[in-house]
Number of protein chains: 2
Amino acid sequence: MELQNTLVKKPQPVPEPTVRRMPSYLTILHRLHDEHVLFVSAPQLARQLNVDPTQVVKDISYTGITGRTRVGYGVDELIGGLEEFLGFNRKHEAFLVGAGFLGSALMQYQGFREAGMKIVAAFDTDKKKIGTEVAGIPVFDLEKFRDLAGRLHITIGIITTPASVAQQIADLMVGWGIKAIWNFTPIALKVPSNVIIQDTHIYANLAVMLNKLAAIKEEI
Amino acid sequence: MELQNTLVKKPQPVPEPTVRRMPSYLTILHRLHDEHVLFVSAPQLARQLNVDPTQVVKDISYTGITGRTRVGYGVDELIGGLEEFLGFNRKHEAFLVGAGFLGSALMQYQGFREAGMKIVAAFDTDKKKIGTEVAGIPVFDLEKFRDLAGRLHITIGIITTPASVAQQIADLMVGWGIKAIWNFTPIALKVPSNVIIQDTHIYANLAVMLNKLAAIKEEI
DNA sequence: TCTTAATAAAGAAAAAAATCTTTAATTAAT
DNA sequence: ATTAATTAAAGATTTTTTTCTTTATTAAGA
């Protein structure tokens, strides 16, 4: 009974807020690395990120990296630990469907490469877009998705289509072997439980900001 | 003593997760409105959004809109209540600093107008960008920010600059009367407490997705 | 060498959020 | 009219996340 416990992989009890903070740690660590700083303490990181120092310690502990009392964490070691944990040091190739404004913006946005993700092709049903390139990324007919995804072993799909066709595209992606879908439409996609959905609701942050702004204006 | 309680405005105890979900409700409600549906129940909304029905009821209760047993909420009334609560029915004009890929993408992205926000001008220090237009929005020299913001009474600033100058831009914005900053850089900006900071960390969602994806692959 | 101060780490407590339970209302069907 | 089913709403419970507390370590300074 107890043996089992040691054999079975721990079921990933890492809090999502922790995972969300980790890229921020990486940002700071990369800057420190560039400044040839060798060690950094949790309170130092905490000050720069406006979070609680013990929070930082806890978050870092999930990577398995340990620090030294009165010294802190080795900057390079911590970078390695975080990138390993987040999978940023692996290569993730993704297909994007919907080469409109938002889709094009994501293609032009170079930054994802730092996280190991590369959009290798885009797909659309608009004849005017098919055959063009955005930031060096070719835009194909959606028809070609299945064949290319299979041959290139693509597991990540990005949906930046109009909301009205999002579920349809998601269904197709699932059938074509996609394991994780990054959804930028405001639709709650229904997919089998073994497929990961990551929603990015552009309005959510805007809503929070406008709400806070309204609260301040009411006080006056 | 108790009088005070009735006079003093309630201190906005609306949970942020609630505010973040509200735009999703609006998305569905707008579709229902277009389909000429007059009423919708909390369980119906909950099913479409994959959230708990009681969660929906609680979230909606913050808008002050009440539903009718066995009928649900009036679609139009609820749209009005949510938009009023979120401030989406007001006009919010914003200035954007940093007309690079990300900044241009935000300018081209029409969707924010549905939330009442309009980017009326962009600013950059790059001579090649100054004088151009992106999606009909003019790009000015950063020098002109102060004057224009004052004259147009702009209260929202969007920062899409390189991380290295983000704090600098934020300091300028604060000095120029900006009350809310939507920050797309990975920097934790330091501003006076009366200025609202809304961070959108592009990597955070990606990190969560890659992390889940890695967890699934480990299981195999 | 000894003392002091800073810090990682583990655990406890508190706060926040989500979920579950109960109640009461009321519509629709019989 | 009566009954049954649905649902909003309020409150309780549970879970999750953050913050606080304590302990032990150890580098730097006296």
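Order of the sequence lines fixes the chain letters, A, B, ..., with proteins taken first and strands second; residue numbering starts at 1 for each chain.
Nucleotide dA17(C) holds its P atom 11 Å from the CG atom of D59(B), rounded to whole Å. Atom CZ of F39(A) and atom P of dT26(D) are 14 Å apart (whole Å). The distance from atom CZ of R20(B) to atom P of dA16(C) is 18 Å, rounded to the nearest whole Å. Across the protein-nucleic acid pair, I60(B) atom CD1 and dA9(D) atom P stand 8 Å apart, rounded to whole Å. Regarding L45(A), its CG atom lies at a distance of 13 Å from the P atom of dA9(C), rounded to whole Å. In this structure, Y25(B) atom OH and dA8(D) atom P are separated by 12 Å, rounded to whole Å. Counting to the nearest Å, the C1' atom of dT16(D) and the CD atom of Q55(A) are 12 Å from each other. Distance L49(B) CG to dA18(C) P: 14 Å, rounded to the nearest Å.
Residue T66(B) is classed as a sugar-phosphate contact, given heavy-atom separations below 4.0 Å to backbone atoms only. Here V57(A) lies in heavy-atom contact (under 4.0 Å) with a base. At a threshold of 4.0 angstrom between heavy atoms, the contacts of T54(B) include nucleobase atoms, whether or not backbone atoms are also involved.
Put simply, the side chain of K58(A) and the base of dT19(D) share a donor and an acceptor less than 3.5 Å apart. A donor-acceptor contact under 3.5 angstrom links the side-chain atoms of R70(B) to the base of dT27(C).
Looking at the side chain of D52(A), the nearest of the listed nucleotides dT7(C), dC20(D), dA18(C) is dC20(D). Taking every side-chain heavy atom of P43(A) into account, dA8(C) is the closest of dT19(C), dA8(D), dA8(C). When each of dT25(D), dT6(D), dA9(D) is scored by its nearest atom to the side-chain atoms of T69(A), the top-ranked nucleotide is dT25(D).
A salt bridge does not link R90(B) to E83(B): none of the charged side-chain nitrogens sits closer than 4.0 Å to a carboxylate oxygen.
Phosphate contact (OP1/OP2 of dA28(D), side-chain N/O of R68(A), threshold under 4.0 Å): absent. Regarding contacts with the backbone of dA17(C), every side-chain N or O of Y62(B) stays at 4.0 angstrom or more from both OP1 and OP2. A close approach under 4.0 Å does occur between a side-chain nitrogen or oxygen of R21(B) and OP1 or OP2 of dA18(C).
Here the two rings, on W182(A) and F112(A), have centers that are under 6.0 Å apart. No close placement of the F39(B) and Y73(B) rings is indicated, their centers lying 6.0 Å or farther apart.
Checked by atom type and distance alone, the side chain of D124(A) pairs as donor or acceptor with a backbone atom of A99(A) at under 3.5 Å.
In terms of heavy-atom proximity, A135(B) sits nearest to M107(B) at CB-O, 3.8 Å.
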